[in-house]
Amino acid sequence: MKRILIFSFITFFLYAGMRAQSIGIDEVLHRIEANNKELQANAQLITSQKLENKSENNLPDHTLSSAHLWGSEDKSETIGELVVSQSFDFPTLYATRGKVNRLKTGALDAQSAAFRQQLLLQAKELCFDIIMLQHQQVILDERMKQAEELSTYYKKRLETGDANVLETNKINLELLNVRTEFRANQTALDNAWKSLLALNGDQSLQDNELSSFRSINDYPLPLLPNNYEQLRSEVLAADQTLLSLSSESAAARKQISASKQGWLPKLELGYRRNTESGTPFNGVVVGFSFPLFENRNKVKIAKAQSLNLDYQKENATFQAEATLAKLYSEAQSLQTSIQEYREAFSSQQDLALLKQALTGGQISVIEYFVEVSVIYQSKQNLLQLENQYQKVMAQIYKSKL
């Protein structure tokens, strides 16, 4: 009993301190964006992919060849040759590939933004869980205090003969159950904080490194818009996955043009120097290479890849619309349930009155616990509904992260 009381006092002061030092969700997300190792790794991956795409449009290396020939009969008669040349594709092909790379860069930027949004959404949902668990801890702490007071009260009544063993055992079981729920909720809260710290690169989220935890401010107040079509247009227009596929599709169409230009001849320019018996001859080397075999089927490949990306984009659009419709419907249902619970709590029976009725002998222990269990379960149901509503709204508006 003493250990539980000590733990309750520690928890009370801890949470009082946490509320005094609370931070907002936006601040948490800002710190995670700066410290998260996955985001840092993905940024380097995107940079390497951009550089790899640019390297595909580089010129080939210079070629240098040298030859020294001598006569089979008179070895004093020699011929020397030096050739320095540079080969390159038809000039318009470099411009077309440059446009393809710019479109691919746009797709990579959108992919990076989508990855960032998904990770910050995960962190935001963890923040929502922490807020819910903090509120549940307050409710459970209240329940535990009431159960402890009733346990002490009925223990004295049992000693004086005013209560029976069944009633006392019922209260002691309630106290045991609440203690178990309290510990489980505390463990879940600690684990949620640890997960959030892991997303922050295992760095503290508070300025004071001596503090174990800090609380997160209460939920934001997102309102579900009544105009679904307007919401649909805004969400789909800002969907980074769709924007990425759109850029990839445009790049694939431009790649068709680049593949068609692959049939144009490749060129070679250079300098040539010949020496015959000490007499030098200087000149220019011009060459052409006709891709009769190298470019075979590449146009067909580019067209097939373009169709593939068009179908992927179309399917992703359908999936995004269906997901948004489900989230909107779920948010409407949750919003209605939350409103109904809040209206019911505004007219509910006060817990203090129930306790007075029990101690005054107006209701039995069984009746008291039935009423109290319904009230506390309803409060926890409301916390769950608010948590789910916040998560659904965060998914709908994840493009704003």
Side-chain angles (χ1 to χ4, degrees), residues 14-15 17-47 108-138 185-209 211-224 234-235 238-244 320 323-324 326-328 330-331 334 383-401:
L14 173 64
Y15 277 91
M18 285 165 55
R19 283 192 287 272
Q21 306 176 35
S22 62
I23 54 178
I25 292 178
D26 291 340
E27 183 181 352
V28 172
L29 298 183
H30 177 73
R31 296 187 183 189
I32 287 175
E33 184 177 2
N35 298 324
N36 184 265
K37 301 305 179 183
E38 280 189 273
L39 285 178
Q40 294 172 9
N42 188 67
Q44 295 303 315
L45 175 63
I46 294 297
T47 299
L108 290 171
D109 287 337
Q111 290 174 19
S112 177
F115 183 86
R116 170 187 166 277
Q117 287 174 2
Q118 192 61 38
L119 190 138
L120 293 182
L121 177 62
Q122 178 186 353
K124 194 170 188 178
E125 290 180 344
L126 268 174
C127 291
F128 291 155
D129 288 339
I130 288 172
I131 291 171
M132 180 190 69
L133 292 168
Q134 286 174 170
H135 288 318
Q136 283 189 171
Q137 201 74 353
V138 173
N185 192 82
Q186 181 65 53
T187 301
L189 180 58
D190 292 344
N191 290 338
W193 272 107
K194 290 173 183 176
S195 298
L196 197 63
L197 291 176
L199 287 177
N200 195 44
D202 206 25
Q203 297 186 32
S204 176
L205 286 167
Q206 67 264 13
D207 299 324
N208 183 6
E209 296 296 334
S211 300
S212 298
F213 296 113
R214 295 178 70 176
S215 71
I216 297 175
N217 285 342
D218 213 340
Y219 291 126
L221 299 172
L223 298 177
L224 185 66
E234 292 176 359
V235 170
D239 191 304
Q240 293 297 328
T241 300
L242 296 182
L243 292 174
S244 174
T323 299
L324 178 61
K326 289 189 289 186
L327 290 173
Y328 187 83
E330 185 177 355
L334 290 168
L383 291 178
Q384 292 282 350
L385 289 171
E386 290 175 338
N387 177 266
Q388 293 172 27
Y389 177 76
Q390 292 292 336
K391 287 182 178 180
V392 168
M393 294 300 293
Q395 291 177 52
I396 291 176
Y397 288 109
K398 69 177 181 179
S399 60
K400 295 186 178 182
L401 291 174

Rounding to 0.5 Å, atoms NZ (K37) and CG (N42) come to a distance of 14.5 Å
Closest heavy-atom contact between L126 and A192?
CD2-O, 4.1 Å
Do N200 and N36 get their side chains close enough for a donor-acceptor pair, meaning under 3.5 Å?
no
Ring pair (Phe, Tyr, Trp, His ring centres under 6.0 Å) against Y328, all qualifying residues, sequence neighbours excluded:
Y228
I'd like to know if K326 and E330 make a salt bridge, using a cut-off of under 4.0 Å between side-chain N and carboxylate O.
no
In terms of side-chain geometry, is the basic nitrogen of K391 or D129 positioned less than 4.0 Å from the acidic oxygen of its partner?
yes
Atom pairs and distances, side-chain donor-acceptor, residues 115-123, under 3.5 Å, sequence neighbours left out:
residue : atom : partner : partner atom : Å
R116    : NE   : E33     : OE2          : 2.8
R116    : NH1  : L401    : O            : 2.8
R116    : NH2  : L401    : O            : 3.3
Q117    : NE2  : S399    : O            : 3.4

Euclidean distance, H135 NE2 relative to L189 CG, rounded to 0.5 Å
11.5 Å
Using atom types as modelled and distance alone, determine if a side-chain donor or acceptor of S112 lies under 3.5 Å from a backbone N or O of L108.
no
Side chains of L224 and Y389: does their closest heavy-atom pair fall under 4.5 Å?
yes
In terms of heavy-atom contacts, Q390 and F128 come closest through O-CE1, 3.3 Å
Do the side-chain N and O atoms of Q186 and D190 include a donor-acceptor pair separated by under 3.5 angstrom?
yes
4.5 Å side-chain heavy-atom contact, K124 and K398:
no
For Q40 and A34, the nearest pair of non-hydrogen atoms, with its separation, is NE2-O, 3.3 Å
pair I32-L196: side-chain heavy atoms closer than 4.5 Å:
yes
So which heavy atom on A320 is nearest to which on D239, and how close?
CB-OD2, 4.1 Å
d(Q137 CD, N185 CG) to nearest 0.5 Å is 4.5 Å
Contact between Y219 and M132 at the side-chain level, heavy atoms closer than 4.5 Å - yes or no?
yes
